[in-house]
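A quick write-up on the structure given underneath.
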Amino acid sequence: QVQLVESGGGLVQAGGSLRLSCAASGSIISINDMGWYRQAPGKQRELVAVIARGGSTNYADSVKGRFTISRDIARNTLYLQMNSLKPEDTAVYYCKADRVYDRRAGTIRDYWGQGTQVTVSS
């Protein structure tokens, strides 16, 4: 069974940095796009950044110039380097993998991680 496990969240002061990781495991043949989303209390989940299999990236305006998304295709791992963090970045961050081809199940579907909390204090 395919699983996504995030790590790297925590508590940091404003202006600080964190690096999130998301490891995909299971009988994975391929993954299309991968992305980071976040959900703050009382708000809808929103896109933070996405990276295509070919490497092209897209960012939310609120994080451009501060966050960098990257992936290791061979290791099925996604990263998010977050610099110059602000209190408004506080949220649960979720990893998403699009169109994951699961060899054992014979399926192609999207998967979400369980989320990791990022808290930025002022």
Side-chain angles (χ1 to χ4, degrees):
Q1 182 176 350
V2 174
Q3 286 187 320
L4 303 184
V5 178
E6 299 103 334
S7 61
L11 173 64
V12 65
Q13 288 188 333
S17 298
L18 283 175
R19 188 188 193 215
L20 304 183
S21 298
C22 170
S25 62
S27 55
I28 297 170
I29 293 179
S30 65
I31 301 174
N32 197 7
D33 295 354
M34 296 188 78
W36 290 98
Y37 293 74
R38 66 187 182 186
Q39 187 166 18
K43 295 187 177 181
Q44 289 189 334
R45 191 172 297 188
E46 63 175 1
L47 172 70
V48 176
V50 63
I51 183 167
R53 184 172 178 82
S56 61
T57 58
N58 193 29
Y59 294 89
D61 287 343
S62 59
V63 307
K64 282 180 181 177
R66 301 187 297 121
F67 291 9
T68 302
I69 189 171
S70 60
R71 66 189 285 183
D72 183 331
I73 291 178
R75 299 187 177 188
N76 291 323
T77 302
L78 179 70
Y79 304 98
L80 185 68
Q81 178 66 44
M82 304 186 294
N83 299 327
S84 302
L85 282 160
K86 304 175 180 180
E88 50 264 44
D89 295 318
T90 296
V92 177
Y93 283 70
Y94 297 91
C95 167
K96 182 173 182 271
D98 292 343
R99 297 186 58 78
V100 179
Y101 187 2
D102 184 338
R103 177 184 56 80
R104 188 169 300 155
T107 57
I108 299 176
R109 52 159 285 193
D110 299 346
Y111 288 87
W112 287 90
Q114 83 288 351
T116 184
Q117 176 71 46
V118 171
T119 302
V120 184
S121 63
S122 57

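Quick note: numbers below take in every heavy atom, side chains included, and nothing from hydrogens, waters or symmetry partners. Because the structure is a prediction, the values reported are computed rather than measured.
Here the shortest heavy-atom pairing between G35 and I69 reads CA-CD1, 4.2 Å. Scanning both residues, E6 and G115, for their nearest heavy atoms gives OE1-N, 2.9 Å. Considering all non-hydrogen atoms of both residues, M34 and C95 come closest at CE-SG, 4.3 Å. Between D98 and D110, the shortest heavy-atom contact is CA-OD1, 3.3 Å. A pairwise comparison of heavy atoms in C22 and L4 identifies SG-CB, 4.0 Å as the closest pair. The heavy-atom pair separating S84 from S17 by the smallest distance is N-OG, 4.4 Å.
Using a 4.5 Å heavy-atom cutoff, the side chains of Y79 and T68 are not in contact. Within the 4.5 Å cutoff, side-chain heavy atoms of R53 are placed close to those of S30.
When hydrophobic residues (I, L, V, M, F, W, Y) are linked wherever their side-chain heavy atoms come within less than 4.5 Å, V5 remains an isolated member. Other members of the hydrophobic cluster containing I108, listed by chain and number, are I29, Y101; membership follows side-chain contacts under 4.5 Å among ILVMFWY residues, whether direct or relayed.
Under the ring pair (Phe, Tyr, Trp, His ring centres under 6.0 Å) criterion, Y37 pairs with W112, sequence neighbours left out. Applying the side chain to side chain contact (heavy atoms under 4.5 Å, CB included) criterion to A105, with sequence neighbours excluded, gives D102, T107. Listed by chain and number, the residues in a side chain to side chain contact (heavy atoms under 4.5 Å, CB included) with S25 are Q3 (sequence neighbours excluded). In this view, V118 and L18, L20, M82, Y93, V120 satisfy the side chain to side chain contact (heavy atoms under 4.5 Å, CB included) rule, not counting sequence neighbours.
Using a cutoff of 4.0 Å between basic side-chain nitrogens and carboxylate oxygens, D89 and K86 are not scored as salt-bridged.
The residue from I73, V50, I51, I31 that alone fulfils the side chain to side chain contact (heavy atoms under 4.5 Å, CB included) condition with L78 is I51.
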